[in-house]
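To start, the structure itself, in structure tokens.
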Amino acid sequence: MSLLTIMPSGKSIEVTAGTKLLTAILAADESIHHKCEGKAACGTCHIFVQEGRKGVSRIAREENERLDTIVGVGSKSRLACQAIMLGTEDVKIELLGFSSGV
Ligand code: FES
């Protein structure tokens with residue numbers, strides 16, 4: 001288990017290792033677009049991992065290819081439907097629409 005903090009609300013929830021960020025965000029009753037329902041096809045679940053990047057899985061090729069097509073992507077960008085909580089450290093993310101990006 002590790003703690004996931006979701007900005008800008010500041011809501012924190014305990015998340016089991018192996019849980020996708022998208023699943024955790026929705027479980028926390030936070031609002032996030034996820035048009036393709038987690039297939040890495042739409043890019044609407046783009047978020048920023050502000051702290052604890054080692055606490056989430058590495059970016060796979062499919063996610064990286066989708067991120068390359070999104071405007072406003074930075075070094076902290078992830079697709080919430082592809083990033084998996086590892087349980088190794090607490091993570092703070094920022095939902096889009098509220099962030100300046102990188
Ligand atoms: S929900 Fe479509 S890329 Fe994540």
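Residue numbers start at 1 and run along the sequence shown. Atom set for the values below is all heavy atoms of this structure, side chains included, hydrogens, waters and symmetry mates excluded. Atoms within each ligand, like the ligands themselves, are counted from 1 in listed order.
Residues E14 and L3 have side chains in contact (heavy-atom distance under 4.5 Å, counting atoms from C-beta outward). For the pair L21 and M85, the minimum side-chain heavy-atom distance is below 4.5 Å.
Taking 4.0 Å as the cut-off between side-chain N and carboxylate O, R66 and E62 do not count as a salt-bridged pair.
At a cut-off of 3.5 Å, with distance as the only test, no side-chain donor of Q82 or K20 sits close to an acceptor on the other residue.
Pairing each heavy atom of L4 with each of A24, the nearest pair is CD2-CB, 3.7 Å. When all heavy atoms of C81 and A40 are compared, the pair lying nearest together is SG-N, 3.9 Å.
Here 2 is the count of protein N, O or S atoms positioned under 2.8 Å from atom 4 (Fe) of ligand 1, waters not counted.
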